[in-house]
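Here the structure is laid out as structure tokens; the discussion comes afterwards.
Everything quoted here is computed from the prediction, not taken from an experiment.
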Amino acid sequence: MPDSEKRDELKKILRKAVSALGDISDKIDDVTSVLSKALTLAEYKEKAIIPEEIVETRKESYEPVPITFEKKEERVAEVSRVVARPINSKFKTLESLISEGTHIKSMASELDGIKDWVMGLSPTFSPILYQIDQWSRKLKNYPYEKLSDQDGGELMYSIHDWKVKLSKV
């Protein structure tokens, strides 16, 4: 195998590896954001560990303090209610406009409202925000008065994809 073919093969493999690492990094960011929100909702606070006695030789013994929540069941229920967002209801109007297919500008403004709502949930949903913004701009400059079946199908598929991604948080 000549050097140029080896080099091309190596580049191809490295591109795949870099792409996979990028996907992993995005997933880690998503999980970190979700955990941060959950801890915030649960009002998680670490208690400082206070040494029992301080020895002059700089040896300190610590007694671990267990972390507990008061009314644990209520906290779990509260977190569950907040995390279970009304995702379907946010997209219901848009889906009905798409099935009707005639109010293009209304669809664009509905997408803008959804984009603002998603941004309020978490700015870490940047891929979803970007896709919503793309569709909004496309509809604002749509050349026809009625949404084509292909564009309507693509937008409905995108909405389904957005709902799945948003429900994972």
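- Ion pairing between D8 and K12 fails under the 4.0 Å rule for side-chain N and carboxylate O.
- Within the 4.5 Å cutoff, the side chain of Q150 has heavy atoms near those of the E154 side chain.
- By the 30° and 60° cut-offs, the orientation of the rings of W162 relative to F91 is tilted.
- Under a 3.5 Å cut-off, the side chain of K140 and the backbone N or O of K105 do not form any donor-acceptor pair.
- Between K138 and D151, some side-chain heavy-atom pair lies under the 4.5 Å cut-off.
- Shown here for I114 and K90, the closest heavy-atom pair between the two residues is CD1-O, 3.6 Å.
- Here the side chains of I104 and E145 are not in contact, with every heavy-atom distance at 4.5 Å or above.
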Checklist entry - Between I24 and I28, is a side-chain contact (heavy atoms from CB on, under 4.5 Å) present by the stated rule, with each step listed? => result CA-CA 6 Å; I24 291 169; I28 288 172; 3.8 Å; yes

Checklist entry - Does the salt bridge (Lys or Arg N to Asp or Glu O under 4.0 Å) test come out yes or no for E95 and K163, once each step is laid out? => result CA-CA 12 Å; E95 289 171 335; K163 289 191 318 191; 2.9 Å; yes

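- Between the side chains of S158 and D161, not a single donor N or O lies within less than 3.5 Å of an accepting N or O.
- Considering every non-hydrogen atom in both L111 and S136, the closest pair reads CD1-N, 3.7 Å.
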Next on the checklist: Apply side-chain contact (heavy atoms from CB on, under 4.5 Å) to residues K11 and R15 and explain how you reach the verdict.
Outcome noted: CA-CA 6 Å; K11 285 181 182 178; R15 283 187 186 118; 4.1 Å; yes

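- Both Y144 and W135 belong to a common hydrophobic cluster when Ile, Leu, Val, Met, Phe, Trp and Tyr are linked at side-chain heavy-atom distances under 4.5 angstrom.
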